[in-house]
Amino acid sequence: MIEGWLRQDGRKGIRNSVLVAYLVECAHFVASEIVTEFRGQDVQLIGFPGCFPNEYASQMMERLCTHPNVGAVLFVSLGCESFDKARVSAAVGASGRPVRTLVIQKAGGTKATIKLGQDWIRSVLLEIDNVSRTPLALSDLVIGTVCGGSDGTSGISGNPAAGRAFDFLVAEGAACIFEETGELIGCEEIMAERAVTPELGKAIRESVLKAERYYQTLGYGSFAAGNAAGGLSTIEEKSLGAYVKSGSSQISGLIKPGDIPPCGGLYLMDVVPDGDVRFGFPNISDNAEIVEMIASGAHMTLFVTGRGSVVGSAISPVIKICANPETYRALFDDMDVNAGDIIEGHRTIDEVGQEISELVYAVAGGQQTKSEQLGHREFILTYKSFEPIGPACLPNLHA
Amino acid sequence: MTELKACPFMRLHPDDNTLVARINADEGTKINTDEGQVQLSRMIPMAHKIACRHIKSGDVVLKYGMPIGVATADIAPGEHVHVHNVRSAYTPSVVLHDADAVS
């Protein structure tokens, strides 16, 4: 049996991390200096760089700082930025977590703020050691999946194996999230048929059409010559290669970043902003996608890579599934699972899927992933804007 | 997956009419298809597809058990399935950078 940390809202964490969150780029350095002192301990840096207000960023920061893997939060503010620090700090306090906000302009500058921050963290590390532990099951977990640094192997080894793991985890009662509607163009009809209600199916179709319009505006090519050289014949085939990460369960809901799945099942996350194109690309890097799934409660992320990404993440561990056997050998220290075995015929998709499922359980129980061991704690949060989801998107909640 | 592990091709779904190369497969390699053993008439690069049974022009091409396009010519078992004999069935509102120009 494994155990997690019980939070006041009933959710359970698989880690008990202290976050140091800067609320504008001007406070980034001070925040990172505070964290440096605690290398090797579970103290992590996150933050939002912008000085101008953004509702999405506020909501994301609130969700991230009340994530079940988080035990306490230190906010670092310059003082004159627009971020509503009182609101986010109140939300963390209301969740029962220790929280402190340091304002550099009031605390006496860089040195004084660093010292105050480090002193607070030393005491809070002892305090959060006392958070209750509770039995943890797969049905308590939210699991996300992304692919990045893809190549011709991603769609035939790593992604199908991740899909098998998702089928197992959903059957066990976990909530599993897949995303990037912009890479699912051509899959919308198949996805809509998997929806638990026709209304949800319609919402899924519309989300993919929105992504298509958005990427058209950005001039983002969907199918390039390199894809054909890699063996992909059509846009549907390319999209399906990413889509197979979702497995074959019914789709229980369509959520947006920060919406927490109300129960177990498979969820599609719509990551493309609503309204006019305002802030550029929906997600500027893989970690931006990972952060959005964490804001929706993901305890960990399955990351399928062919060419070889090395990233991890703040807050929630990343399990890296390497689709390409040559990449696996080259980047062995960074990879958790060798799905390249499927390419070389050593193991089947089912066997690798089972290894991933077992690793999810072990990581939930405290085993560190490769990127955690190496100290990777990447984090990025940028500007976006969303409308709330409609009632058709979560049929089980509104039934 | 039921095929021999030594085979250079893998079937991703039982319904598929295509097989995917997991390694570069040399010209002349003998392959067991649904319709008996055939020899590859050309080298098939990793991640490319061949037909595992006769696909008629107009038939849906299946990979992952799902449609990836429509055959634009009759395709024999063991034959390369790619942009020269498959077109997208998807009709987006813009012209894609389609693979028609790439052989």
Side-chain angles (χ1 to χ4, degrees), chain A residues 151-157 159-160 163 185-191 193 208-209 212-213 215-217 219-244 246 248 306 323-326 340-351, chain B residues 1-13 15-16 18-25 44-51 55 60-72 75 80-103:
Chain A
D151 67 11
T153 63
S154 302
I156 58 177
S157 65
N159 288 345
I185 293 167
C187 301
E188 62 270 22
E189 292 305 323
I190 306 165
M191 276 198 287
E193 283 168 21
V208 177
L209 291 175
E212 194 198 342
R213 282 196 304 272
Y215 281 106
Q216 267 176 39
T217 308
Y220 188 90
S222 297
F223 194 90
N227 293 134
L232 300 175
S233 306
T234 63
I235 179 69
E236 301 92 298
E237 184 180 7
K238 179 184 174 186
S239 296
L240 282 167
Y243 174 67
V244 291
S246 67
S248 55
N324 186 320
E326 287 170 22
D341 275 353
I342 297 164
I343 302 288
E344 296 189 324
H346 303 311
R347 288 193 292 168
T348 63
I349 292 170
D350 282 337
E351 285 166 348
Chain B
M1 299 218 317
T2 53
E3 79 279 11
L4 291 174
K5 288 191 174 183
C7 177
F9 288 87
M10 54 197 286
R11 185 195 291 262
L12 294 173
H13 190 278
D15 295 344
D16 287 356
T18 58
L19 302 175
V20 181
R22 60 176 157 226
I23 51 172
N24 291 340
I44 303 293
M46 188 186 80
H48 283 238
K49 302 171 292 299
I50 58 170
I55 303 173
V60 170
V61 178
L62 295 167
K63 178 184 175 187
Y64 305 112
M66 293 182 268
I68 60 163
V70 178
T72 55
I75 309 172
H80 191 208
V81 176
H82 202 20
V83 291
H84 60 289
N85 54 19
V86 184
R87 68 172 170 81
S88 170
Y90 189 67
T91 50
S93 52
V94 290
V95 178
L96 292 169
H97 299 279
D98 217 335
D100 293 348
V102 183
S103 61

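As a basis for the values below, the full set of heavy atoms in this structure was taken, side chains included, without hydrogen atoms, waters or symmetry mates. Throughout, protein chains are lettered first and strands after them, A, B, ... in sequence-line order, and every chain is numbered starting at 1.
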Student: Report the distance from atom CE of Met46(B) to atom CD1 of Ile343(A), rounding to the nearest 0.5 Å.
Tutor: 6.0 Å
Student: Quick one: does Tyr64(B)'s side chain have a donor or acceptor within less than 3.5 Å of a partner on Pro160(A)'s backbone?
Tutor: no
Student: Is the number of heavy atoms from other residues, nucleotides or ligands within 6.0 Å of CD (Glu326(A)) greater than 12?
Tutor: no
Student: About how many Å separate NZ of Lys49(B) and CG of Leu232(A), when rounded to the nearest 0.5 Å?
Tutor: 6.5 Å
Student: What is the distance from atom NZ of Lys63(B) to atom CG of Leu240(A), rounded to the nearest 0.5 Å?
Tutor: 8.0 Å
Student: For the atom pair SG (Cys187(A)) and CE (Met66(B)), what is the distance rounded to the nearest 0.5 Å?
Tutor: 7.0 Å
Student: Measuring from atom CD of Glu344(A) to atom CD1 of Ile23(B), what distance do you get when rounded to the nearest 0.5 angstrom?
Tutor: 9.0 Å
Student: Which atoms of Val81(B) come close to chain A, meaning under 4.5 Å heavy atom to heavy atom: side chain ones, backbone ones, both, or neither?
Tutor: backbone
Student: Check whether Ile190(A) gets within reach of chain B through its side chain, its backbone, both or neither, counting any heavy atom under 4.5 Å.
Tutor: side chain
Student: Under the side-chain contact (heavy atoms from CB on, under 4.5 Å) criterion, do Val86(B) and Glu237(A) qualify, and how do the steps go?
Tutor: CA-CA 11 Å; Val86(B) 184; Glu237(A) 184 180 7; over 6 Å; no
Student: If we ignore hydrogens and angles and just use 3.5 Å, is the side chain of Glu236(A) paired with the main-chain N or O of Ala89(B) as donor and acceptor?
Tutor: yes
Student: Which value, rounded to the nearest 0.5 Å, describes the distance between Leu12(B) atom CG and Ile342(A) atom CD1?
Tutor: 9.5 Å
Student: Looking at Ile68(B), is its backbone amide N or carbonyl O close enough to the side chain of Thr234(A) to form a donor-acceptor pair, meaning the two atoms are under 3.5 Å apart?
Tutor: yes
Student: Quick one: closest heavy-atom pair of Gly152(A) and Ala47(B), and the distance?
Tutor: O-CB, 3.5 Å
